[in-house]
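Just so we're clear, the structure is a prediction, and the values are computed from it rather than from any experiment.
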Amino acid sequence: MPFLELPDSPHAPGIRPVKIHYREFGQGRPLVFLHGGWGYTVYPFDRQIEAFKSQFRILIPDRSGYGRSTPVPGEMQADFHQRAAEETMALLDALAIERAVIWGHSDGAVIGAMLGMRSAGRCESLILEAFHFFRNKPNSRGFFERFTAHPEDLGEETRELLRQDHGDDHWQNVPRRNCGAWLRIADMAGRPDEDLYDGRLGELRVPTLFLHGRLDPRTEPGEMERVRDELLQAEMRFVTNGKHSPHSEEAAYRECDAIAREFLRRRC
């Protein structure tokens, strides 16, 4: 698997240089997958690699602090999405990629949206799966509190996947840092409906598909309705049996892929 080295990254403050591990498959126009908050292996894009590698050059980086990329100690910053968007732009620059399709999942979807808002010219189109809009997620607070304090309470299969991705010594830090960051994001919100985009999501001009599981447990009531109101020009499709990761779920991935394929056919 390839690596590249960045002189530094805001997502890994105080560390120089920063090594980024990435997966690469296929050929064609670049398609960059951005993993969620627990890394690649818990919700892998293996099925999408097989489905799209004949049409696209697929790149899947581990953000700093994840997988085989440079470990990052301490707490994750509350503005980590923006920091990760800057790191992703540095990755594209290092790989000499001028424009790419970005498919982000969960935290990766937030990062993808921020990348599109910051550098629209670098994004051919966006697929934002399991998107987050609100800073405060009260229905998920118990989840975040539990796994910040006790990542060992995760199910055996999830623990093993985290070990495979992040190693025996580091895997517990991944859910602990991510859930802790979401608690700080919520606590910093000035009002219950404050969003992650400072009220500017409507400025996103990149062709965008919101791809969302109807049964996603991390989605607040009214959250996706707010997204639709903010960004009327975007497409929004709900995967019937999808939960938080339609792309990797047995009951949902075929519908998920079909929706994505049709969007990419029209937009690329």
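- Remark: the backbone N or O of P2 is not paired with any side-chain donor or acceptor of E24 at under 3.5 angstrom.
- Closest approach of P246 and G242 over heavy atoms only: CG-CA, 4.2 Å.
- Under the 3.5 Å distance criterion, the side-chain polar atoms of R47 are matched with a main-chain donor or acceptor of S248.
- In this model, a donor atom of one side chain and an acceptor atom of the other lie less than 3.5 Å apart for H11 and S64.
- Side-chain atoms of H247 and D257 form no donor-acceptor pair, as typed in the model, at a separation below 3.5 Å.
- At a threshold of 4.5 Å between side-chain heavy atoms, the hydrophobic network of Ile, Leu, Val, Met, Phe, Trp and Tyr places L215 and V239 in two separate groups.
- The pair D153-R146 meets the salt-bridge criterion, with a side-chain N (NZ, NE, NH1 or NH2) lying under 4.0 Å from an Asp/Glu carboxylate O.
- Counting non-hydrogen atoms of other residues, nucleotides and ligands closer than 6.0 Å to CG of D169 gives a total of 12 or fewer.
- A donor-acceptor pair is defined here as one N or O able to donate and one able to accept, closer than 3.5 Å; no such pair exists between the side chain of T158 and the backbone of L154.
- For the pair S106/E129, no side-chain contact is recorded, criterion being any heavy-atom separation below 4.5 Å from C-beta on.
- For the pair R218 and F143, the cation-pi criterion (under 6.0 Å, within 45° of the ring axis) is fulfilled.
- Remark: E124 engages R29 in a salt bridge, criterion side-chain N to carboxylate O under 4.0 Å.
- Y253 and V42 end up in different hydrophobic clusters when Ile, Leu, Val, Met, Phe, Trp and Tyr side chains are linked at under 4.5 Å.
- The closest donor-acceptor contact from the side chain of R122 to the backbone of M89 lies at 3.5 Å or more, if one exists at all.
- For E152, the CD atom sits in a packed shell: over 12 heavy atoms of surrounding residues, nucleotides or ligands are nearer than 6.0 Å.
- Screening L209, L211, T208, I259 against E235 for a side-chain contact (heavy atoms from CB on, under 4.5 Å) leaves a single residue, L209.
- Residue V72 comes nearest to A12 through the heavy atom pair CG2-CB, 3.7 Å, listed as atom of the first residue, atom of the second, then distance.
- The aromatic ring centroids of F45 and F56 lie 6.0 Å or more from each other.
- Within a 6.0 Å sphere centred on CD of E5, heavy atoms belonging to other residues, nucleotides or ligands number more than 12.
- The pair R200-D198 does not count as a salt bridge, with every side-chain nitrogen at least 4.0 angstrom from each carboxylate oxygen.
- Scanning all heavy atoms of the two residues, the minimum distance from F238 to R228 falls at CE1-NH2, 3.8 Å.
- In terms of heavy atoms, I102 sits closest to G112 at CG2-CA, 4.1 Å.
- Put simply, CG on L196 and CD1 on I111 are 11.0 Å apart, with the number rounded to the nearest 0.5 Å.
- The closest donor-acceptor contact from the side chain of Q233 to the backbone of L204 lies under 3.5 Å.
- No cation-pi contact links K53 to F25, judged by a cut-off of 6.0 Å to the six-membered ring centre and 45° from its axis.
- In this structure, R226 is not positioned above the aromatic face of F133 in the sense of NZ or CZ being under 6.0 Å from the six-membered ring centre and within 45° of the axis.
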Next item on the list: For the pair I49 and I60, evaluate side-chain contact (heavy atoms from CB on, under 4.5 Å) and give the outcome as yes or no after the intermediate values.
Entry: CA-CA 10 Å; I49 292 167; I60 311 174; 3.8 Å; yes
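- Taking the six-membered ring for Trp and thresholds of 30 and 60 degrees, Y43 and H244 have ring planes more than 60 degrees apart, a perpendicular arrangement.
- In this structure, the side chains of L264 and S125 come closer than 4.5 Å at one or more pairs of heavy atoms.
- Taken from CG in L201 to CD in E230, the straight-line distance is 6.0 Å, to the nearest 0.5 Å.
- Taken to the nearest 0.5 Å, the SG atom of C179 stands 10.0 Å off from the CE atom of M76.
- Taking the side chain as every heavy atom from C-beta outward, R265 and E262 approach each other to under 4.5 Å.
- For the pair P138/E220, a side-chain contact is recorded, criterion being any heavy-atom separation below 4.5 Å from C-beta on.
- Between the side chain of E223 and the backbone N or O of T219 there is no donor-acceptor pair closer than 3.5 Å.
- Considering every non-hydrogen atom in both A260 and I127, the closest pair reads CB-CD1, 4.0 Å.
- Tested against D62, the residues R68, K19, R23 include a single salt bridge (charged side-chain N to carboxylate O under 4.0 Å, His left out) partner, R23.
- Side chains of P61 and H21 form no contact here, defined as non-hydrogen atoms less than 4.5 Å apart.
- The shortest distance between side-chain heavy atoms of R135 and D195 does not fall below 4.5 Å.
- In this structure, L31 CG and L59 CG are separated by 8.0 Å, a value rounded to the nearest 0.5 Å.
- Seen from the ring of F210, R237 does not count as a face-on cation partner, given the 6.0 Å and 45° thresholds.
- Looking at residues two or more places apart in sequence or on another chain, you find a salt bridge (Lys or Arg N to Asp or Glu O under 4.0 Å) between R254 and E250.
- How far CZ of R261 is from CD of Q55: 7.0 Å, rounded to the nearest 0.5 Å.
- Looking only at distances, no side-chain donor or acceptor of R205 sits under 3.5 Å from a matching main-chain atom of A120.
- Of the candidates Y22, F52, W103, F33 forms a ring pair (Phe, Tyr, Trp, His ring centres under 6.0 Å) with just one, namely W103.
- R184 CZ to D79 CG: the interatomic distance, rounded to the nearest 0.5 Å, is 10.5 Å.
- Counting only heavy atoms from C-beta outward, the side chains of V227 and M224 approach each other to under 4.5 Å.
- A pairwise comparison of heavy atoms in L162 and W38 identifies CD2-O, 3.5 Å as the closest pair.
- For the pair R63 and Y66, the distance from NZ or CZ to the six-membered ring centre is under 6.0 Å and the angle to the ring normal is within 45 degrees.
- In this structure, the side chains of L6 and E87 come closer than 4.5 Å at one or more pairs of heavy atoms.
- For Y40, there are no ring-ring contact (aromatic ring centres under 6.0 Å, His included) partners at least two apart in sequence or on another chain.
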